[in-house]
Amino acid sequence: MTTSPPQPPQNPYPGQPAGYGPPPQQFPQYTQPDQQQPQQPGQYPGQQQYPGQQQQQFHGQPYQQAPQPGQYPQGQYPGQQQPQFGQSFPQQGAQQSFAPQGQMTCRFCGGYPAVEATVRGHQGLIILMRFLKLQGPFCRTCGIASVRDMTSKSLWQGWWGVGSSIINPITMLLNIGPMQKFKSLPEPQPGPGRPMDPGKPLFQRPAILMLLVPVVVIGLIVFANLNSTEAKANVGACVVNNGTSSSPDVKVVDCTSSDAEYKIVGKIDDSTDDSQCDQFEGAEASYVYEQGSTKYTLCLTPVK
């Protein structure tokens, strides 16, 4: 005798429309561990599908599993392009030359055209001195700015010292050549850097007044020499001794002045031998002067 397994009722819950209620399959079906259900497209592993559930289809890129901690390299994010082996990206802040190949560019701003030149300056420190220089290449703007700046500083700082007062004007004159080079260049094409500010011309700066320093010093020297005893002590002039016989201080005065004590009857240059005054008639006294390479003897007679 054969038997058939019991069939589930069509609608075990009376009063409810068909299609509602618990699923027809009341008891879940179990499979052995070595048996796997075939995975439907778009179905995730372990996902259970119920009757009546519409299968959701995905188009485009397939599902990607979320990265585990530490999966991405340091500083790398999804979608970020990484350099391949042997490929390097430019460093941030690196200067890029905009000049044509083989074109000399300015050392300071990267503009072009540019020329090689050296701008010089000088500082006097009473006893010591400093020689300053700034080397190129320079474009027109940076070159003119460098000459104006270093020459302006030399006008203020270059005179302080005996040696510096001689070297400083020579140093400033050496900047004339580079200045002519810079002025002959056209306006520069912009580079990656910022060009120097040329500022005002030298003759519109207060530092130009320092050119009066050597003029004043030279004028004082000339004035002192013209009013010295040596310059005025000629034959026929009168003098007065404001010092003593052992330490005389002879000055030339007007012969009509009451201060006049002696009259010069003879003058012997480059000699300190007062015995030669005997050759001059009426010479009763003498005055010998010697300082450095300057020396002379005055033969004197008293003013009556």
Side-chain angles (χ1 to χ4, degrees), residues 121-131 151-176 202-304:
H122 185 77
Q123 289 181 345
L125 305 173
I126 308 300
I127 300 176
L128 304 177
M129 61 182 68
R130 293 180 62 189
F131 297 87
T151 305
S152 178
K153 291 179 179 178
S154 297
L155 286 170
W156 284 105
Q157 306 170 359
W159 304 107
W160 314 116
V162 177
S164 294
S165 62
I166 300 174
I167 296 175
N168 190 44
I170 298 176
T171 302
M172 292 187 291
L173 289 175
L174 291 176
N175 287 334
I176 296 178
L202 282 175
F203 288 97
Q204 297 181 14
R205 302 188 182 195
I208 198 65
L209 297 176
M210 296 301 292
L211 283 177
L212 298 176
V213 171
V215 175
V216 172
V217 171
I218 294 174
L220 291 175
I221 294 175
V222 172
F223 178 79
N225 288 331
L226 291 177
N227 289 274
S228 65
T229 302
E230 180 186 4
K232 293 183 176 181
N234 298 316
V235 176
C238 295
V239 297
V240 59
N241 183 13
N242 294 325
T244 62
S245 58
S246 60
S247 179
D249 182 18
V250 176
K251 299 295 182 182
V252 176
V253 295
D254 192 350
C255 290
T256 60
S257 173
S258 60
D259 295 334
E261 295 179 350
Y262 297 94
K263 186 175 182 178
I264 302 174
V265 294
K267 183 179 181 179
I268 306 173
D269 293 322
D270 298 326
S271 175
T272 59
D273 184 10
D274 58 353
S275 63
Q276 299 183 26
C277 288
D278 295 339
Q279 59 181 318
F280 299 103
E281 184 179 359
E284 298 181 8
S286 62
Y287 169 69
V288 177
Y289 177 85
E290 182 176 10
Q291 184 176 0
S293 60
T294 304
K295 54 185 179 179
Y296 57 89
T297 300
L298 299 178
C299 302
L300 310 174
T301 185
V303 175
K304 297 179 181 180

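Nothing here was measured: the structure is a model prediction, and the numbers come from that model.
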Is it the case that more than 12 heavy atoms not belonging to Ile126 sit under 6.0 Å from its CD1 atom? yes
d(Arg130 CZ, Ser164 OG) to nearest 0.5 Å is 11.5 Å
Least distance between heavy atoms, Tyr287 atom then Pro248 atom: CE1-CG, 3.8 Å
Rounded to the nearest 0.5 Å, what separates atom CG in Leu202 from atom CE in Met172? 9.5 Å
Evaluate whether atom CD of Glu281 has more than 12 neighbouring non-hydrogen atoms of other residues, nucleotides or ligands under 6.0 angstrom away. no
Of all the heavy-atom pairs spanning Ala283 and Val265, show the shortest one and how long it is. CB-CG2, 4.0 Å
Between Ile268 and Asp273, the two heavy atoms sitting closest are CD1-O, 4.3 Å
Stepwise side chain to side chain contact (heavy atoms under 4.5 Å, CB included) test for Ile208 and Leu155: CA-CA 7 Å; Ile208 198 65; Leu155 286 170; 4.3 Å; yes
With distance as the sole test, does Ser247 use its side chain to make a donor-acceptor pair with the main-chain N or O of Thr244 at under 3.5 Å? no
Rounded to the nearest 0.5 Å, the CD atom of Gln291 sits from the OH atom of Tyr296 at a distance of 9.5 Å
Atom pair CG/CG of Asn234 and Leu298 - distance to nearest 0.5 Å: 9.5 Å
If we ignore hydrogens and angles and just use 3.5 Å, is the side chain of Thr297 paired with the main-chain N or O of Ser271 as donor and acceptor? yes
Run the numbers on Asp254 and Cys238 for side chain to side chain contact (heavy atoms under 4.5 Å, CB included), then give the verdict. CA-CA 6 Å; Asp254 192 350; Cys238 295; over 6 Å; no
With a 4.5 Å heavy-atom cut-off, do Leu300 and Ile264 have their side chains touching? yes
Got a donor-acceptor contact below 3.5 angstrom from the Asn168 side chain to the Ser154 backbone? yes
Just wondering, are more than 12 heavy atoms of other shown residues or ligands nearer than 6.0 Å to CZ in Phe131? yes
From Ile167 atom CD1 to Leu174 atom CG, the distance as rounded to the nearest 0.5 Å: 11.0 Å
Please give me the minimum heavy-atom distance between Lys267 and Val235, naming the atom from each residue. N-CG2, 4.2 Å
Of all heavy-atom pairs linking Cys299 and Phe280, the shortest is SG-CD1, 3.6 Å
Please report the shortest heavy-atom distance between Trp159 and Pro214, naming the atom on each side. CH2-CG, 3.6 Å
Do any N or O atoms from the side chain of Asn241 and from the backbone of Asp249 form a donor-acceptor pair under 3.5 angstrom? yes
Thr171 OG1 to Gln123 CD distance, which is reported to the nearest 0.5 Å: 11.5 Å
Using atom types as modelled and distance alone, determine if a side-chain donor or acceptor of Thr301 lies under 3.5 Å from a backbone N or O of Gly282. yes
